[in-house]
Q: 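One structure follows; several queries about it will come next.
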Amino acid sequence: MPASAASQLVDPRGATGRLLAHYDAHARPLPWRSPPGSPPPHPYLVWLSEVMLQQTTVASVEPRFHRFVARWPTLQSLAEAPEEQIFAEWAGLGYYARARNLIACARQVAERGGFPTHEAELRKLPGLGAYTAAAIAAIAFGRRAVVIDTNVARVIARLHALDRPLAALGPDIRRLADSLTPDDRPGDFAQAMMDLGATLCRPRSPGCAACPLSADCRAFARGEPQRFPAPAPKRAPRQRFGTAWWIERAGSVWLVRRPKHGLLGGMAALPGTEWGEQGPPGGSGPVIRHAFTHFALDLRVATASEPVGEGWWQPVARLGEAGLPTLYMKAAEAILAGRIRDAA
DNA sequence: GATGCGTGGGC
DNA sequence: TGCCCAAGCAT
């Protein structure tokens with residue numbers, strides 16, 4: 001790929017060199033990362049961490065990554081693990097399609113005897129999109145790949161003072177990121193850009209005084225770098241209502257598994273009604289308020305006596321092992337907290 | 001290109 | 001408290 005006209009605006013080698021020097025001195029030590037300039041981590045660890053990090057913060061991922069690796073130290077062990085155990089280990093991390101794709105990907109890769117080492121082949125695996133395929137190619141295999149996540153996109157938008165929303169900047173961001181990406185150390189470069197976005201070039205209150213790219217940055221030169229790029233337009237929040245059933249016998253509660261696809265797909269759950277726009281539902285029992293990305297849910301947790309649908313009895317004392325998503329953990333906690341209050 | 005898909009933390 | 005945001009992907 002030839003250097004684009006953008007290289008007249010930002011000197012690729014100069015800016016890239018300053019960025020990598022800053023990374024060599026300030027790279028955050030992370031459990032899935034090897035120090036700058038050293039051999040890369042095992043592709044299994046790069047893949048696992050990258051999938052966990054999709055739309056999820058480092059702070060949330062760290063403890064979960066340790067647990068996953070302790071339980072399934074190799075790709076082969078993960079590929080052979082029962083699905084329910086993997087779902088349970090993922091519970092609370094969110095975006096559960098990632099767990100489904102993780103399982104499918106592990107099995108495919110085990111079958112073929114290892115990860116492909118080129119971006120285009122990685123891109124075909126379940127759960128690996130443009131970002132993750134490029135990140136694994138660069139970080140695990142040292143391939144030159146244009147790695148663009150939300151951090152990189154924001155850094156690029158500020159370097160060039162692009163003030164439209166990121167959704168409208170895709171092709172521009174890609175071209176400019178390409179022109180900045182070096183042939184050497186592409187993995188370190190990608191991680192350096194992401195570190196920069198996470199620690200200095202933050203969405204709000206960017207730390208330009210310590211930034212190795214401030215001399216290259218048009219947004220900095222204009223002042224108010226936090227104005228770039230423009231925020232995404234907001235969507236009107238929606239409200240839904242539903243009822244879940246707490247069915248308990250002899251110290252166990254009746255759980256079901258949600259359908260494979262859609263919201264919380266494949267995860268353990270309390271049985272309940274569909275969630276609709278009409279409400280709030282009648283009946284008695286605590287109401288849980290839970291904010292999903294695209295709607296808010298008021299869920300009444302009502303007690304019932306007869307098991308509903310296919311499911312299993314889960315001992316209440318071991319509810320934590322059931323792998324319930326956060327919504328249902330909150331529902332269970334509301335029931336159990338009410339019980340403690342009643343006893344007092 | 002837009003929409004559906006979780007959750008926790010920061011301010 | 002409410003809002004914004006996070007190492008995105010699939011359709």
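Order of the sequence lines sets the chain letters (A, B, ...), proteins ahead of strands, with each chain counted from 1.
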Q: With sequence neighbours excluded, what pairs up with A/Arg112 under the salt bridge (Lys or Arg N to Asp or Glu O under 4.0 Å) test?
A: none

Q: Partners of A/Arg143 by salt bridge (Lys or Arg N to Asp or Glu O under 4.0 Å), sequence neighbours excluded?
A: none

Q: Could you list the residues that satisfy salt bridge (Lys or Arg N to Asp or Glu O under 4.0 Å) with A/Arg123, not counting sequence neighbours?
A: none

Q: Once you apply a heavy-atom cut-off of 4.0 Å, does A/Trp90 come out as touching a base, just sugar-phosphate, or nothing?
A: nothing

Q: What residues from residues 262-279 of chain A pass a heavy-atom cutoff of under 4.0 Å to DNA chain C?
A: none

Q: C/dG8 phosphate, OP1 or OP2: any side-chain N/O from A/Gln55 under 4.0 angstrom?
A: yes

Q: Can you give the first and last nucleotides of DNA chain B, 5' to 3', that have an atom under 4.0 Å from a heavy atom of chain A?
A: B/dT3 to B/dG8

Q: Could you tell me the separation between the CZ atom of A/Arg318 and the CD atom of A/Gln314, rounded to the nearest 0.5 Å?
A: 6.5 Å

Q: Counting only side-chain N and O atoms of A/Lys234, is one of them less than 4.0 Å from OP1 or OP2 of C/dC4?
A: yes

Q: How is A/Pro231 classified with respect to the nucleic acid when contacts are heavy atoms under 4.0 Å: base, sugar-phosphate, or nothing?
A: nothing

Q: Could you identify which residues cluster with A/Tyr95, counting Ile, Leu, Val, Met, Phe, Trp and Tyr as linked when any side-chain heavy atoms lie under 4.5 Å apart, either directly or through a chain of such contacts?
A: none

Q: So does A/Arg154 get a side-chain nitrogen or oxygen closer than 4.0 Å to the phosphate oxygens (OP1/OP2) of C/dA6?
A: yes

